[in-house]
Enquirer: 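One structure, as structure tokens, below. Some questions next.
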Amino acid sequence: MIEILATRCTACNTCVSACPDHVFDVGSPGELPLIARPDQCQTCFLCELYCPQDAIYVAVGDPDAIPRSALDSDPVGRIRHDYGWDGGTDDPLRYFWKLGPLLRQGVEISSARYALLLQAGKENGLREDGAPADAQAP
Amino acid sequence: MIFEHPDRKTADMDEISADVLIVGGGMAAGWAAVAAAKTGAAVVVADKGFMGTSGVTATAGPNHWWVPPDAGRREAAVRKRLETAFGLADPTWMARIIDITWRSIPELEPWYPFSGDGQGGVYRSGLRGPEYLRALRHYATSLGVRILDHHPVLELLARPDGSIGGAAGHDRLADRPWRARAGAVILATGGCAFRSGLLGSYSNTGDGYLMGVEAGAELSGMEFCIAYSISPAWLSTRTLPYTGARFFDAAGRQLDTPGWDRPREYLCSLAAAFRSGPVYADLHEAPRELPGVIREIQPATVAAFERRGLDMFRDRFEVKLFGEGTIRGTGGLRIADACCATSVPGLFAAGDAATREHIAGATSGGGAQNAAWALSSGVLSGQAASSAAARRSHSDRQSRLLSMGGAGLHPTGAVRPVDRKAVVQTAQAEILDPDKALWRSEAKLSMSAKWLEDAWEDVCGSLRGEGLDAVAARETAAMAATARWCNAAALARKESRGMHIREDYPGQDTDWSRRLITGGLETVYTQREEAPVSELAL
């Protein structure tokens with residue numbers, strides 16, 4: 001579900017170009033772009049990121065998307081701000097190097113958790129797959 | 001101003017001429033465009049969407065296989081990766097792509113906001129998708145590359161001798177057809193996830209596989225199309241937050257899910273859990289630093305939760321497996337030489353459109369290897385396509401061009417309405433259903449072959465899209481064709497190797513230590529590659 005905010009949109013049609021999946025069409029001269037093919041939206045937020053006016057809001061999870069007004073804080077402009085494309089930060093990618101280490105930390109956490117489980121299983125006479133040690137192989 | 005508005009388009013847009021035409025607008029296409037333009041070629045990029053947001057890299061943040069030019073370290077890196085390639089990768093290719101990747105990324109310096117690596121240096125191995133693709137667009141444009149956004153290609157055009165000399169498509173914003181004449185063509189159309197909902201993959205419908213095979217090219221490794229990523233049930237995101245997740249069933253019982261160090265067991269365990277009902281993730285045990293930085297690393301992941309009124313690190317949420325098909329699988333157009341040429345003169349393949357067996361073999365290349373492949377195969381194909389174009393004579397360049405497109409454009413029978421949704425659902429059901437994909441067998445694959453054959457016959461015999469609708473018709477045809485090739489290859493490989501696990505052939509068979517070629521339209525063929533993959537000494 002996509003919302004174009006009429007009070008902010010300048011009909012520059014940047015979203016029409018930037019959408020990878022042809023969701024929008026150019027509207028009549030001076031009019032808002034048309035959300036012509038909403039079923040093709042993959043909720044990637046890239047139209048929001050590219051909109052220089054913060055005039056688009058992409059809701060998440062049709063058909064039961066939560067209206068913007070019902071959210072705790074106004075999400076308009078948030079994507080562009082978080083990516084640092086609104087000029088709000090000089091170094092938007094300062095933490096990007098942490099992606100790999102954090103991914104690996106998560107892997108270690110889930111792997112260690114399962115190793116403990118196997119250990120406990122062995123102590124209780126269970127095989128590696130969780131079946132009793134004397135069970136027939138599947 | 002990077003946007004070309006439809007109303008400013010000039011009248012000459014219908015007939016385009018280039019030395020090198022690149023089909024696609026993602027990472028491989030971008031690097032191909034840069035490499036070809038550096039040789040002085042006139043380069044045109046025709047992308048289905050927008051070069052900068054199209055494809056699976058734009059929504060991602062790929063890390064690249066990143067090894068400094070130290071002979072010992074590089075040899076060790078190649079050796080380590082060979083161990084998990086199950087005999088189908090080639091160390092020479094691996095060494096080449098590591099080197100090309102290392103030399104290429106720094107070229108983005110003027111266009112990409114590189115930042116620190118946490119140790120006082122510059123972090124170059126990983127790049128965030130939107131900024132990466134924007135940088136590639138700017139870099140290509142600075143070299144004179146002409147970019148045609150929203151210009152899906154519908155079919156390749158061949159010269160009377162069978163070599164590829166152009167492509168035809170539809171300008172979807174102006175809603176009119178276009179044609180390009182080119183010295184050589186690169187297919188950088190990405191892989192195929194069969195519209196599973198996988199983030200960024202909506203337009204990755206296997207178009208390049210279909211166009212390539214129609215032109216006479218072969219595929220390789222299509223049986224290696226089994227990969228899934230976990231995400232909230234309502235939206236596919238990157239998987240960074242979930243590697244440490246705990247999983248629960250609907251009754252709130254914690255599942256004994258294996259860790260991410262056992263990828264197949266992890267996947268099989270989740271697939272089994274989904275059979276009994278919904279599965280929920282809990283991120284309370286995520287790395288402690290993650291909540292504080294995830295918004296800056298992956299803003300879109302945070303939005304997927306916030307916009308549902310959820311706190312991802314506190315609230316339990318329903319999850320789903322999203323099929324990744326040949327995107328994180330390794331199959332694609334067969335590479336016939338050392339420079340990413342297909343077996344068809346004038347036609348090249350790069351990125352996920354090409355097979356990645358050279359560097360990944362029978363297991364997923366994972367993010368780092370796949371990104372290095374997309375980059376390097378782009379560079380290699382760009383250079384080689386430029387040379388191929390330069391070798392074409394003037395009369396070749398003026399030659400008559402023949403349409404190569406079939407299914408979805410020119411049905412073999414009378415045009416009838418085809419239930420396109422049902423066709424795509426068949427492809428999804430037969431290829432992506434974890435019960436079929438993770439535990440393959442002759443019985444299941446034969447049954448799938450029948451359903452896929454019926455779907456293909458329907459498409460091939462009756463489906464015709466015209467104007468803008470031709471784009472969707474071709475996408476449907478490409479998904480049906482791709483599913484058929486994946487299934488045929490899986491049926492033919494009578495052994496288990498890497499991600500391809502056959503319940504009826506559980507062992508790895510040395511007779512099968514070679515790649516499997518697939519292709520054909522009316523009937524699908526499979527053929528073991530003659531030579532086993534060379535065990536070249538390092």
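So you know, we letter chains A, B, ... as the sequences are listed, proteins then strands, and number each from 1. Please read all numbers here as calculations on a predicted model, not as lab measurements.
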Enquirer: If I measure from the heavy atoms of chain A, does B/Arg238 come under 4.5 Å with its side chain, its backbone, both, or neither?
Expert: neither
Enquirer: Which pairs, with at least one residue in residues 19-35 of chain A and sequence neighbours excluded, count as a salt bridge (Lys or Arg N to Asp or Glu O under 4.0 Å)?
Expert: A/Asp25-A/Arg37
Enquirer: Given heavy-atom pairs under 4.5 angstrom as the criterion, report whether the side chain, backbone, both or neither of B/Thr237 touches chain A.
Expert: neither
Enquirer: Between B/Leu240 and chain A, which part of the residue has a heavy atom less than 4.5 Å away: side chain, backbone, both or neither?
Expert: both
Enquirer: Chain A heavy atoms under 4.5 Å from B/Leu468: which part of the residue, side chain, backbone, both or neither?
Expert: side chain
Enquirer: May I ask you to name which of B/Leu127, B/Leu199, B/Thr239 has the most heavy-atom pairs under 4.5 Å with chain A?
Expert: B/Leu127
Enquirer: Provide the closest heavy-atom pair for B/Leu173 versus A/Phe24 in the form atom of the first, atom of the second, distance.
Expert: CD2-O, 4.4 Å
Enquirer: Could you tell me which portion of B/Phe247 (side chain, backbone, both or neither) has an atom closer than 4.5 angstrom to a non-hydrogen atom of chain A?
Expert: neither
Enquirer: Measure the CZ-OG1 distance between A/Phe45 and B/Thr53 for me, rounded to the nearest 0.5 Å.
Expert: 14.5 Å
Enquirer: Sort A/Tyr83 into side chain, backbone, both or neither according to what part of it lies under 4.5 angstrom from a heavy atom of chain B.
Expert: both
Enquirer: Mind ranking B/Pro258, B/Ser54, B/Gly118 by heavy-atom pairs under 4.5 Å with chain A and telling me who comes out on top?
Expert: B/Pro258
Enquirer: In terms of heavy-atom pairs under 4.5 Å, which option from B/Thr257, B/Thr59, B/Asp261, B/Leu198 contacts chain A the most?
Expert: B/Asp261
Enquirer: Quick one: pull up CD in A/Gln42 and OG in B/Ser236 and give me the separation to the nearest 0.5 Å.
Expert: 9.0 Å
Enquirer: Go through the steps for B/Glu289 and A/Tyr95 under the test side-chain contact (heavy atoms from CB on, under 4.5 Å), then give the verdict.
Expert: CA-CA 11 Å; B/Glu289 203 188 353; A/Tyr95 294 139; over 6 Å; no
Enquirer: Which atoms of B/Gln119 are under 4.5 Å from chain A, going by heavy atoms: the side chain, the backbone, both sets, or neither?
Expert: neither
Enquirer: Quick check for you: to the nearest 0.5 Å, what is the distance between B/Tyr202 atom OH and A/Cys19 atom SG?
Expert: 10.0 Å
Enquirer: Over 60° means perpendicular and under 30° means parallel, so classify the ring planes of B/Phe50 and A/Tyr50, tilted if in between.
Expert: perpendicular
Enquirer: Under 4.5 Å, heavy atom to heavy atom: which of residues 100-113 of chain A reach chain B? Give them by number, or say none.
Expert: A/Leu102, A/Leu103, A/Gln105, A/Gly106, A/Val107, A/Ile109, A/Ser110, A/Ser111, A/Arg113
Enquirer: Aromatic contact between A/Tyr114 and B/Tyr266, with the criterion being ring centroids under 6.0 Å apart: yes or no?
Expert: no
Enquirer: Is it true that, when you exclude A/Asp64 itself, more than 12 heavy atoms of the residues, nucleotides or ligands shown sit nearer than 6.0 Å to its CG?
Expert: yes
Enquirer: What part of A/Leu71 gets within 4.5 angstrom of chain B, counting heavy atoms only: side chain, backbone, both, or neither?
Expert: side chain
Enquirer: Using a cut-off of under 4.5 Å on heavy-atom pairs, state which of B/Ala245, B/Gly25, B/Ala286 scores highest against chain A.
Expert: B/Ala245
Enquirer: Around atom CG of A/Asp72, are there more than 12 heavy atoms from other residues, nucleotides or ligands closer than 6.0 Å?
Expert: no
Enquirer: Side chain, backbone, both or neither: which part of B/Ser125 has a non-hydrogen atom closer than 4.5 Å to chain A?
Expert: neither
Enquirer: Quick one: OG1 on A/Thr43 to CZ on B/Arg307, what's the gap to the nearest 0.5 Å?
Expert: 10.0 Å
Enquirer: What are the two closest non-hydrogen atoms of B/Glu296 and A/Arg94, and how far apart are they?
Expert: OE2-NH2, 2.6 Å
Enquirer: So which of B/Gly200, B/Gly126, B/Ser203 has the biggest tally of heavy-atom pairs under 4.5 Å with chain A?
Expert: B/Gly200
Enquirer: In terms of heavy-atom pairs under 4.5 Å, which option from B/Ala58, B/Gly309, B/Gly49, B/Ala300 contacts chain A the most?
Expert: B/Ala300
Enquirer: Between A/Asp82 and B/Pro299, which heavy-atom pair has the shortest distance, and what is it?
Expert: CB-CB, 3.6 Å
Enquirer: Heavy-atom cut-off 4.5 Å, strictly under: side chain, backbone, both or neither for B/Gln298 against chain A?
Expert: side chain
Enquirer: What part of B/Ala303 gets within 4.5 angstrom of chain A, counting heavy atoms only: side chain, backbone, both, or neither?
Expert: both
Enquirer: Distance from A/Leu93 atom CG to B/Glu131 atom CD, nearest 0.5 Å?
Expert: 5.0 Å
Enquirer: What I want to check is whether the side chains of A/Ser17 and B/Asp149 have a donor and an acceptor closer together than 3.5 Å.
Expert: no
Enquirer: Under a 3.5 Å distance rule, please check whether B/Arg308 uses its side chain to pair with a backbone N or O of A/Gly61 as donor and acceptor.
Expert: yes
Enquirer: Which region of B/Ile294, side chain (C-beta onward) or backbone (N, CA, C, O), has a non-hydrogen atom less than 4.5 Å from a non-hydrogen atom of chain A, or is it both or neither?
Expert: neither
Enquirer: Can you tell me which portion of B/Ala233 sits under 4.5 Å from chain A's heavy atoms? Options are side chain, backbone, both or neither.
Expert: neither
Enquirer: What is the distance from atom CG of B/Asp117 to atom CH2 of A/Trp97, rounded to the nearest 0.5 Å?
Expert: 8.0 Å
